[in-house]
Amino acid sequence: MTSSYPTQVKIVEVGPRDGLQNEKQLIDLASKLQLIDDLALAGLKFIEAGSFVSPKWVPQMADSTQLFRELTRIPGITYSALTPNLQGYTNAKSVNVDEVAIFGAASETFSQKNINCSIAESIERFVPIVEQAKKDNMPVRGYVSCVLGCPYEGDIAPQKVTEVAQHLLAMGCYEVSLGDTIGVGTPIKTSKMLEAVQQVIPREKIAVHFHDTYGQALANILIALQQGISTIDSAVAGLGGCPYAKGASGNVATEDVVFMLNGMGIHTGIDIEKLVNAGNNIMQALGRSSTSKVANALLS
Ligand code: HMG
Ligand code: MG
């Protein structure tokens, strides 16, 4: 594996979706729109803004249609959303989402708990979404959850991750994001999993998505960078978690990732002060403080 770092990194900001989906209190639409505007102002070019899932399963995302209608779109920014089935895709398309993401898992039990079907059924369910997206010229991203451990099954074999990722790419996803949903990955384990996936999938098509439950995310991201992976998912202020992954806490904070990359001379195009401001505004709306160490240091 290569040990040279990428010169630039694409950050996929998942705060408005992954970050907010797990919040218990319903957040008003104005605060969500403000967050997206603030992130755009900070230079984020890929913003996962919502989720067209069942409102019974994730009430917090029930206003995604309204959100996309009211969004101020800045040219050059991709505003994306999750779509678990054709119904979600059709709804997303009707409000001109720029890109959609389908989400599967490397764990059977998590797949059942999260999207109410087996891994094989989920792949079947994704096919018509991708077929329609191709006709619409809509880019599709794929997620694989539980790549370094499952809240229900424990360890997950890298072979399983590779298998699901291959399915997603073969059906037409342009990239797969490998999710450490409950943040249990540690660097050597991460390294082995990423090496196994790269046996069959080129690194240009791999993104990493670390939750920071156990404080391992930045260390794991460093491993991914050392392997030449240059797309990183993160959420401003360290927001996030999946309601169907017991114990899952926030994503790695975008501020912390950008600070690390800045220190390594890796270009992101993000203004860290404006990013901290984005985090500060949403945390004020939520009535608690950020879990980003960098944001807290810069604000103190
Ligand atoms: P189901 O109950 O099996 O679906 O849920 P169904 O097809 O039987 O439909 C049941 C009802 O839901 C029907 O309504 C449908 O119309 C409605 P009813 O007739 O009862 O009134 N429905 C929908 N409504 C709106 N939009 C839709 C939709 N689909 C059905 N798209 C389903 C299956 C997949 C829908 C459900 O399990 C679901 O919505 N799951 C989403 C769970 C979720 O969003 N989890 C968090 C995101 S994943 C994540 O966070 C991990 C990630 O960050 C990576 C990582 O960290 O690893 C991506
Ligand atoms: Mg996630």
Side-chain angles (χ1 to χ4, degrees), residues 12-23 48-66 68 80-95 97 100-107 109-119 121-126 128-129 132 140-152 156 160-161 164-165 168 173 175-185 193 207-213 217 220 231-235 238-254:
V12 177
E13 170 61 48
V14 297
R17 192 279 303 172
D18 200 338
L20 299 184
Q21 71 182 8
N22 208 28
E23 291 294 323
E48 201 171 72
S51 188
F52 292 82
V53 296
S54 160
K56 286 182 197 140
W57 284 65
V58 185
Q60 190 65 257
M61 292 288 114
D63 57 0
S64 284
T65 296
Q66 201 57 28
F68 272 91
S80 65
L82 296 191
T83 55
N85 51 21
L86 202 52
Q87 186 178 346
Y89 177 82
T90 308
N91 293 344
K93 174 72 187 137
S94 76
V95 286
V97 166
V100 297
I102 51 179
F103 49 106
S107 150
T109 316
F110 182 75
S111 181
Q112 288 290 354
K113 301 259 185 201
N114 194 44
I115 50 176
N116 208 21
C117 63
S118 69
I119 296 172
E121 285 162 347
S122 74
I123 301 290
E124 277 172 37
R125 191 182 282 177
F126 296 149
I129 302 180
Q132 188 54 47
V140 185
R141 188 173 204 238
Y143 278 104
V144 184
S145 281
C146 298
V147 298
L148 289 160
C150 166
Y152 310 101
I156 295 293
K160 199 70 210 168
V161 179
V164 179
L168 295 176
C173 291
E175 170 177 285
V176 278
S177 175
L178 304 177
D180 184 10
T181 318
I182 51 168
V184 289
M193 183 276 293
V208 287
H209 177 111
F210 289 105
H211 285 260
D212 203 25
T213 322
N220 293 334
T231 302
I232 299 171
D233 298 0
S234 59
L239 288 165
C242 173
Y244 296 99
K246 219 172 137 236
S249 74
N251 290 80
V252 66
T254 310

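When a ligand or atom number is given, it counts from 1 through the structure's own listing order. Numbering starts at 1 and runs along the sequence shown. Please read these numbers as outputs of a predicted model, since none were measured by experiment. Because only heavy atoms are used, hydrogens play no part in the values below, and waters and symmetry mates are left out as well, while side chains stay in.
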Ligand 1 N/O within reach of C146 N/O, cut-off under 3.5 Å: no
Ligand 1 contact on N114 by region, counting heavy-atom pairs under 4.0 Å: both
Atoms of type N/O/S from protein, distance to the Mg ion (ligand 2) below 2.8 Å: 3
Flag, side chain of N91 to backbone of F52, donor-acceptor distance under 3.5 Å: no
N116 N/O under 3.5 Å from ligand 1 N/O: yes
Residue part near ligand 1, for R125, under 4.0 Å between non-hydrogen atoms: side chain
H211 side chain vs I182 backbone, donor-acceptor pair below 3.5 Å: no
L82 contact mode with ligand 1 (heavy-atom cut-off under 4.0 Å): side chain
Side chain, backbone, both or neither: M61 near ligand 1, heavy atoms under 4.0 Å: neither
Backbone N/O of A253 and side chain of S234: donor-acceptor pair under 3.5 Å: no
Q21 side chain vs G241 backbone, donor-acceptor pair below 3.5 Å: yes
Contact partition for S54 relative to ligand 1, non-hydrogen atoms under 4.0 Å: both
Y89 side chain vs V100 backbone, donor-acceptor pair below 3.5 Å: no
Cation-pi geometry met for R17 and F103 (6.0 Å, 45°): no
Protein contact for atom 2 (O) of ligand 1 (heavy atom, distance under 4.0 Å): yes
Nitrogen or oxygen of S51 less than 3.5 angstrom from that of ligand 1: no
